[in-house]
Amino acid sequence: MAVAGRVTHANGTAERRASETMLKARRKAAGRRITAGEGKAYDTADHVANLRAIGVTPHVTQNQAVTKTGKNRSSAIDERTTRHPGYGMSQSRRAMVECIFGWGKQHGTMRKTKHRGIARVAADFLLNLIAYNLIRIPKLLAA
């Protein structure tokens with residue numbers, strides 16, 4: 001199920017900032033520390049520090065790729081986080097987010113937007129998330 005969604009201008013850090021905003025609200029609603037599985041694009045020291053500051057345990061995929069200059073990247077996620085079984089579970093669940101976007105592109109209206117402006121694109125995006133959830137509910141109830 002999709003629990004939150006946000007549309008922003010693409011500027012290189014927009015996804016990380018949107019993630020922090022949505023997770024901060026989710027953490028506040030939960031009333032306790034939560035975990036968040038994210039891709040390796042989110043493996044930056046400032047993002048990981050911001051998540052820890054708001055009470056979210058970041059289960060971010062480690063980005064230890066080799067750069068064009070031949071150096072290994074240094075991950076902001078260390079052994080303290082990756083050694084727990086919950087880290088592996090978060091990484092497997094993280095792939096499920098891609099199913100939401102895949103459904104929206106294949107069955108919804110997210111393949112190519114017909115709208116201009118953040119407000120209109122956001123309304124269309126949230127409508128796709130709602131439709132996805134409505135289709136998922138009977139399948140989850142049957143299980």
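Both backbone and side-chain heavy atoms feed into the values below; hydrogens, waters and symmetry mates do not.
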(message) Nearest 0.5 Å, please: how far is CZ in Arg26 from CD1 in Ile54?
(response) 13.0 Å
(request) Quick one: sort the Tyr87 and His59 rings into parallel, tilted or perpendicular, breaks at 30° and 60°. (result) perpendicular
(message) Would you compute the distance between atom CG of Asn133 and atom CG of Asn128 and round it to the nearest 0.5 angstrom?
(response) 11.0 Å
(request) Could you check Gln91 against Thr61 for side chain to side chain contact (heavy atoms under 4.5 Å, CB included), going step by step and ending with a plain yes or no? (result) CA-CA 7 Å; Gln91 290 304 302; Thr61 303; 2.5 Å; yes
(request) Work out which heavy atom in Ile34 is nearest to a heavy atom in Ala30; give both atom names and the distance. (result) CG2-CB, 3.8 Å
(message) For the CG atom of Asn63 and the NZ atom of Lys40, what is their distance to the nearest 0.5 Å?
(response) 5.5 Å
(message) Are Ser74 and Gln64 packed together at the side-chain level, in the sense that at least one heavy-atom pair is separated by less than 4.5 angstrom?
(response) no
(message) Taking atom CZ as the centre, does Arg27 end up with more than 12 heavy-atom neighbours from other residues, nucleotides or ligands that are less than 6.0 angstrom away?
(response) yes
(request) Measure the spacing between OH of Tyr42 and CD of Glu20 and express it to the nearest 0.5 Å. (result) 10.0 Å
(request) For residues Leu23 and Glu38, determine if any side-chain heavy atom of one lies less than 4.5 Å from a side-chain heavy atom of the other. (result) yes
(message) Please check if the number of heavy atoms outside Arg120 that lie under 6.0 Å from its CZ is greater than 12.
(response) no
(request) Please say whether more than 12 non-hydrogen atoms of neighbouring residues, nucleotides or ligands are located less than 6.0 Å from CZ in Arg33. (result) yes
(request) Heavy atoms only: give me the nearest Gly37-Ser90 pair and the separation to one decimal. (result) CA-CB, 4.1 Å
(message) Closer than 4.0 angstrom, basic N to acidic O: yes or no for Asp43 and Arg16?
(response) no
(request) Could you grab the distance from atom CZ of Phe101 to atom OH of Tyr132, nearest 0.5 Å is fine? (result) 11.0 Å
(request) To the nearest 0.5 Å, tell me how far Thr44 OG1 sits from Arg73 CZ. (result) 11.5 Å
(request) For Thr109 and Asp124, run side chain to side chain donor-acceptor pair (under 3.5 Å): C-alpha distance rounded to whole Å, both residues' side-chain angles, the deciding distance at 0.1 Å, then the answer. (result) CA-CA 8 Å; Thr109 59; Asp124 190 43; 2.9 Å; yes
(request) Quick one: closest heavy-atom pair of Gly39 and Arg94, and the distance? (result) N-CD, 3.5 Å
(message) In this structure, would Trp103 and Val7 fall into the same cluster of hydrophobic residues linked by side-chain contacts under 4.5 Å?
(response) yes
(request) Verify the neighbour count for atom CE of Met1: are there more than 12 heavy atoms of other residues, nucleotides or ligands below 6.0 Å? (result) yes
(request) Ignoring hydrogens and angles, state whether a donor on the side chain of Thr82 or Gln62 is under 3.5 Å from an acceptor on the partner side chain. (result) no
(request) Say whether, by atom type as modelled, one donor and one acceptor occur between the side chain of Thr81 and the main chain of Ile77 under 3.5 angstrom. (result) no
(message) Is any side-chain heavy atom of Ile135 closer than 4.5 Å to one of His107?
(response) no
(request) For residues Ala4 and Leu129, report the shortest heavy-atom separation together with the two atoms involved. (result) O-CD1, 4.1 Å
(message) Using side-chain heavy atoms (C-beta onward) and a distance below 4.5 Å, is Val56 in contact with Arg52?
(response) no
(message) Asp78 vs Arg83, test: salt bridge (Lys or Arg N to Asp or Glu O under 4.0 Å). Steps then yes/no.
(response) CA-CA 9 Å; Asp78 55 9; Arg83 69 177 178 214; over 6 Å; no
(message) Same cluster or not: Ile100 versus Leu126, using hydrophobic residues (I, L, V, M, F, W, Y) connected whenever any side-chain heavy atoms lie under 4.5 Å apart?
(response) yes
(message) Could you see if Leu51 belongs to whatever hydrophobic cluster contains Met89? Use Ile, Leu, Val, Met, Phe, Trp, Tyr and a side-chain cutoff under 4.5 Å.
(response) no
(message) Please determine whether residues Phe125 and Met22 belong to a single hydrophobic cluster, defined as Ile, Leu, Val, Met, Phe, Trp and Tyr linked transitively by side-chain heavy-atom distances below 4.5 Å.
(response) no
(request) Look at atom CD of Glu15 and say whether more than 12 heavy atoms of other residues, nucleotides or ligands are closer to it than 6.0 Å. (result) no
